[in-house]
Structure formats: structure tokens, C-alpha cells
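For reference, the structure discussed in these notes is given below.
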Amino acid sequence: MTTIPSPIDQATQSNYLDVRSTHIELDWTVDWSQRIIRGTATHSVIANKDNVDKVILDTSYLVVKKCSLASPDGRHHQDLDFALAPKRHPVLGSALTISLPHALSRGDSTRVSIEYATTDECTALGWLDANQTDSKRYPFVYSQCQAIHCRSLIPVMDTPAVKATYHARVRSTLPILLSARRTSPDLDSGVPEIDGTEHTYEWDQPIAIPSYLIAIAGGELEFRPLGDRTGIWAEPGVVDKCADEFRSDAERMVQTAEQLCGPYRWGRYDALVLPSSFPYGGMENPNMTFLTPALIVGDKSQVDVIAHEASHSWHGNDVSVSGWSSFWLNEGWTTYTERLVALKLHGPATRDFEYIQGNKAMTDDLKRFDRDGMRKAQRLHIPYEFGEDPDEFYSSVAYDKGANFLYYLEKLVGGLDVFNPYQQQFIRDFVGQSVTTEQWEKHFWAYWSQFPEKERVLREQVDWDAWLNGEGLELPVKMEYDTTLADRAYSLASSWDSARSLSRSELAKKFSKADLAGFSSNQIVLFLETLGTQKTYDKAVVEAVEEAYRFNENANPEIKLRWFLFSLKAGLYAPEAAHWIRNQGRMKYCRPTYRAIYQVDPDLARQTFREYGVGFLHPIARRLIAQELGLDGKKDKQ
Ligand code: BES
Ligand code: ZN
């Protein structure tokens, strides 16, 4: 076995090893004018050992008014002593210690209620003014709790090691969605009219989930069904376009993932398309995947994000991780599965094309972390110290090193027909639980010991330690991929490369829009990335690329991102890039673009951030970008 440090989650201050929360009852009011959520969170807790006399929860920037012991029917309350840690931990927040009147013995349960409110420093919630929405009629709010932001929304054991069911009752003047099943208004009655009065929305999540999967969104929202159990939510002006983008793929992607992973336990699979400040491409909130509107490009080229988020239903949501060190188990398995869905729907060339593209992103991240103090972020299993912030270690390493590891193991045992039964067994054996990388590894060997021939090959070939704990810029083995779909992009890039010393007019003669005929947008992305990783180009070449292909006018954000990263390397098009990121909140797009503009024109980067970023970006993105621009990310201090 590989040696892996402490299985204890280093990103929580809760006493989750002593006592755990099994159900959370949320009773909330959304206060749109104050931009806060207030109400109570009631935890049903059960002691893991004897003599438990307190419950310690994570909180971050919450105002706690009162703690009490609730009777089973919730009617009677006995006030409890509580204390918020006087000094906030800069990353982990303020532990809330609630004293119990009687110590619990192992197996005893009780209910603890906290009356509280969020504050304007809440890092989970993004609030938008009416004029930042599509219709410009009503404000909007949405959460992003992964990795450790749930504690700024709810006092909670904010660790994926603890899984609890939840039920929420939310009063709001605008429709409310949660990562759960809607119980009121019932599914047939749609959402109530927005009439200025408060309505109560009730949602129930009967499957135990880690806290980071609790999610809320509110605003002017409409629904369109896609399949029997799939549908799409979005603002009224964009909902039909969103439905068109996903109509032909959502249901069959869930079905394909089911064939690969086993039955879908969650009931409905709906997705919500958010305003453009949403910081991720997608977030696997159960029953209600959150998506960036940047996916809606009209050509369905970004629908694989649905395959990814749907695959999390098994890897991450069914089988969870016990701490952020094992984050790669979520993202590596999910990326591996997403690409199996691509294999089933589009064939082996498409699957491998995704690996080829992913490797580029991974190599960039491995390079970014290639400095003293950060090299552990190059590892698949990251040995966190207490209090380190998982957001700062977020990268495609977990995704692509992880998926490659599993792909490599699949090839070693003889292919998908042999490996897929193992994947399904892994899910069956751990559904409903949270696992460490160590548990995964142990299970892996136990499974393969049933097949001595396979086990022998695995034991002989796999450098387990290099995969899990290795640093550096390379994968432990060189992977071979089917390059059918990549070849055209490579060859166009190399024609440019060999023409780089030609004059502008010669370049204009040699290259034209026709070069890209038949290219998918992902092939254009690969073309630009391939160009960009070769030497830096003269301005004249970059201008000739623009003249031939007009990327400044292209609306596809995946292409835009690579285009600006390429052109900014030659110092070109900083104003166009700055204009583009005014309303791109997806960190995959805005972070590297801000970084690249900053290299060329630091004032422009900072000014764009101050003027457009601060009021628009989700707090997580705001903080990370401010850091990179050498600024303070607080809203009122710009
Ligand atoms: N769960 C992640 C997003 C995430 C990870 C948020 C860690 C916060 C902390 C989600 O499933 C994801 O991977 N999103 C990707 C989608 C892509 C890989 C298809 C994204 O946002 O780019
Ligand atoms: Zn993911």
C-alpha cells in the first residue's frame, strides 16, 4: 500500500469524528433587499462515541443569534450555551461550539437548532442586481458551496466526510430552486406568479449528501422539460435557447452514464442555466446541476459538460470523498466516465480527443504549480495541511491525471469490458459512503485479487506511488491516443509555424477562412492551443491569423479564451480581451485572461476588474482574481 497521510479532513473545524449530522432542516427567508438569507438550521445529530458534550460546527461570516435543543416535533426549544470562536481562521472561518445539556453516549441522537443570518461577506452566495440579469427585471441569487463555502450559508459540519439528508422551506418573493426534489408547490403546478408577495417553497433531499452539494438559486426562473426525468431551468428570455442546446443530449447522456455506472438513484435530473457570473462551467448539485450560460453557443459543442455533471451523480454524489485530499476520486472518475459517455455516443476518436485536449490544460496547470511550495498541487492525492484552502489548489490535475490513471488501468487489465464491471462494483460497494484514496486502493486490490492474472499484471506494471504522489510535469507513463480528430488541427498549426517568416501579404494569400471548413469548435481550440504552445509569435503573424479567421468576432468562449491567450502572448488585443471578460464569470475563462492581460497591460487588467469585475463576479472568483492582480478582493475596498 502507498503511504498516505492522515485521513482526517484538514479543512473543517467541526467535531465530526465525535458526532455527526444526519439530517438538516432549513427554515429560511430570502431577504432580497438586504441581500441576506436568515432563518434556522436544525441538525439531527448522532454521537459516534461516548461522552459527547458539545457539537462544533463550521461557520464563516454568519451572525448567530441563538442555539437551542429542539424536541422531536420541533415545537419546544431549550436554549443552549454557544460560543463563536473569537478569532476567525482566515480560511476555515469561525468554529461554533454548542454545549449540550447532557453528554451523549455512542448512538444517542438529538436535535440542535441554530438561528442565524448570512452577511454581506458570505462567500457562497452571488447576488446580482436586476440589471445584471437577462430580463433586467428582478434580482438573482445563486450559491456555490464547493469546496468549503457552505459554512458561509449554513452553520454545518462542512466536510464531505459527513453526509446528511436535508429539507428546506424557503420564503421568497421570487422563485427558489434547491439541489433537491421539489415538494411544494408540487411538480405539476409550476412556479407561482411573481406578484410581489412572499411564497413558500419546499424542497426535500432524501438522499444523504455532503454539505458542499447543498445549493440554492432564486430569481425569475422558468422550466422546460427535456425528457421524462430531465429538464432545464433558466431566465424566461433564454430558457428556450437553453432547452434547444441540451434537448437531444441531456436524457441520453444520463441514460448512457446509467449503463456505465448502474441505476440513477436520484429521481429527476434537471439543470439550471445561471447568469454569466457563475464561476464554474458546471456544478453537480444533486437533482439540479448548475451551469454557466457560456455553454449555450448554439452548436452543442459544450454539451459534454452535462455528461460530466451527470457522471458525478455516481462519482462524488453517490460515492463521496472523505476529504479534499481525495478530490481527484471525484473529478478523475467523473472525467473518466464523461469520456466513456463520449465513447459510447461518438466513438473512440472523440474519447481520445478529449484526453488530448485535457492534457494541454493539465500541462499548463502542472507548469503553473512548478515552483517551491506549490509542487504538492501537482499530485493526484494532495497532502493538505490544516487550514489550507482547496480553492487555491483547484486545477485540472485531479481531472486529467486522474482520468488518465483510470484509463491506463483500464488498458492494463484488457479494456473496458474487463474494467467496467470493476467500476460498477466500486460504486455498488461504496454508494452512500465517503471514501479516502486509501480505501479506494484497498478495494481495488481486493477486487482484482479475484483475477490473479490481472492482478499480476497490475502489480508488475503500475507505479502506484508515482501516480498518486508524484510531482513534475509528466504523467508517470506515456499514454498513446487515437489522434484522428486532432491531426487536422495539428497540421494547420504546423503550416502556420512553418510560414511564420513570411510577410503579411504572403500570409494573407496562403491562409483563409476555408482552412477551418469542417473544423468543430473543439478542433479550432486545439489548433489555437497547438499554435500557442509553440514559440511566441510576432505581432504580424497574430494579425494574419486574425485576418484569416476573425477570432475577435467569434462568439464561442472556448475559442475566445485560447485566442486571447495566444494573441496576448504577442501583446495584442488586450482591449478586446478586457472587453470580453467584463461579463465572463466562469473562472476557466476570466482567470487566465485577467492574468494574461495583466502581463501586457496591468492598469487595464486592474481597471477592468475594479469597474466590471468587483460588482459582478462571484465572491470566490473575485478573491482569486484580486489576488493575482495584487489587489484586495473585498467589495467595498476597491
Ligand atoms: N465539481 C466541479 C466544480 C468544482 C470543483 C467547484 C471544485 C468547486 C470546487 C464540477 O463538476 C466541474 O468539474 N466543473 C467543470 C466542468 C468541466 C470539467 C466539464 C468546470 O466548471 O469547468
Ligand atoms: Zn466535476
Side-chain angles (χ1 to χ4, degrees), residues 11 123-124 126 142-150 152 158 160 179 209-215 246 249 253 257 271-274 276-286 288-295 301-321 323-339 341-342 354-355 357-362 364-365 377 382 384 388-403 522 525 557-558 561 584-592 618-621 623-624:
T123 55
Y142 63 90
S143 66
Q144 169 56 45
C145 286
Q146 197 180 12
I148 55 168
H149 300 279
C150 186
S152 73
D158 202 6
S179 54
I209 55 168
S211 55
Y212 75 85
L213 292 176
I214 299 178
F246 299 123
D249 291 291
M253 282 177 161
L272 160 66
V273 178
L274 288 145
S276 65
S277 64
F278 186 62
Y280 290 95
M283 176 66 213
E284 67 272 26
N285 298 134
M288 189 67 73
T289 283
F290 281 19
L291 297 172
T292 171
L295 304 180
S301 60
Q302 307 306 314
V303 289
D304 35 340
V305 177
I306 298 265
H308 180 95
E309 304 313 333
S311 300
H312 272 303
S313 308
W314 295 268
H315 294 292
N317 301 9
D318 272 346
V319 181
S320 306
V321 293
W324 299 110
S325 293
S326 294
F327 175 63
W328 81 273
L329 279 179
N330 274 3
E331 298 300 344
W333 270 111
T334 295
T335 303
Y336 169 81
T337 308
E338 168 199 346
R339 293 173 186 172
V341 173
E354 292 195 21
Y355 277 90
Q357 283 212 283
N359 278 0
K360 168 70 175 70
M362 177 181 67
D364 287 351
D365 282 331
I382 302 178
Y384 283 114
E388 281 181 323
D389 183 354
D391 281 350
E392 298 198 1
F393 291 80
Y394 176 81
S395 84
S396 56
V397 175
Y399 295 73
D400 286 285
K401 216 190 244 195
N522 292 326
V525 165
E558 291 288 321
L561 170 68
Q584 293 297 334
R586 183 179 183 187
M587 289 197 280
K588 177 181 178 186
Y589 303 140
C590 62
R591 267 184 88 182
H618 185 275
I620 299 173
R623 186 178 71 86
L624 291 170

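We count ligands from 1, going down the list as the structure has it; atoms in each ligand are counted the same way.
Here CD1 of I148 is found 9.0 Å from CH2 of W324. Values are rounded to the nearest 0.5 Å. Here CG of D304 is found 6.5 Å from CG of N522. Values are rounded to the nearest 0.5 Å.
Counted by atom type alone, T334 and H308 present zero donor-acceptor pairs between their side chains at under 3.5 Å. Between the side chains of H315 and E331, no donor-acceptor pair of N or O atoms lies under 3.5 Å.
With salt bridges taken as basic N to acidic carboxylate O contacts below 4.0 Å, one links E392 and R623. Using a 4.0 Å cut-off between a side-chain N of Lys or Arg and a carboxylate O of Asp or Glu, R339 and D400 qualify as a salt bridge.
Heavy atoms from both the backbone and the side chain of Q146 come within less than 4.0 Å of ligand 1.
The ring of Y394 has its center closer than 6.0 angstrom to the ring center of Y280. Side-chain rings of Y142 and F290 stay apart, their centers remaining 6.0 Å or farther from each other. For an aromatic pair to be called close, the ring centres must be under 6.0 Å apart, and F327 with F393 fails this.
Residue contacts with ligand 1: F327 is included, with a non-hydrogen atom under 4.0 Å away. Not close to ligand 1: M587, with no non-hydrogen atom less than 4.0 angstrom away. Within the 4.0 Å heavy-atom shell around ligand 1 one does not find K588.
Closest to atom 21 (O) of ligand 1 by heavy atom, among S311, A294, G358, G281, is G281.
Checking only distances, H312 does come within under 3.5 Å of ligand 1, N or O to N or O. When only interatomic distances are considered, the shortest N/O to N/O separation between Y280 and ligand 1 does not fall below 3.5 Å.
Annotation: atom 22 (O) of ligand 1 to nearest protein heavy atom, R586 NH2, 2.8 Å. In terms of protein heavy-atom proximity, atom 14 (N) of ligand 1 is closest to G282 O, 3.1 Å. Given atom 15 (C) of ligand 1, the protein heavy atom at minimum distance is E309 OE2, 4.1 Å. Taking atom 13 (O) of ligand 1 as the reference point, the nearest protein heavy-atom neighbour is Y399 OH, 2.6 Å. What sits closest to atom 1 (N) of ligand 1 on the protein, heavy atoms only, is E284 OE1, 2.6 Å. Given atom 2 (C) of ligand 1, the protein heavy atom at minimum distance is E331 OE2, 3.3 Å.
For residue E331, an N/O/S atom approaches the Zn ion (ligand 2) to within less than 2.8 Å.
Residue-ligand proximity, Q144 to ligand 1, at heavy-atom distances under 4.0 Å covers atoms 6 (C), 8 (C).
Within the 4.5 Å cutoff, the side chain of I382 has no heavy atoms near those of the E388 side chain.
For H308, the N/O/S atom at the shortest distance from the Zn ion (ligand 2) is named NE2. When distances from the Zn ion (ligand 2) to the N, O or S atoms of H312 are compared, NE2 comes out shortest.
Heavy atoms only, all atoms of each residue included: P557 and A294 are closest at CG-O, 3.3 Å.
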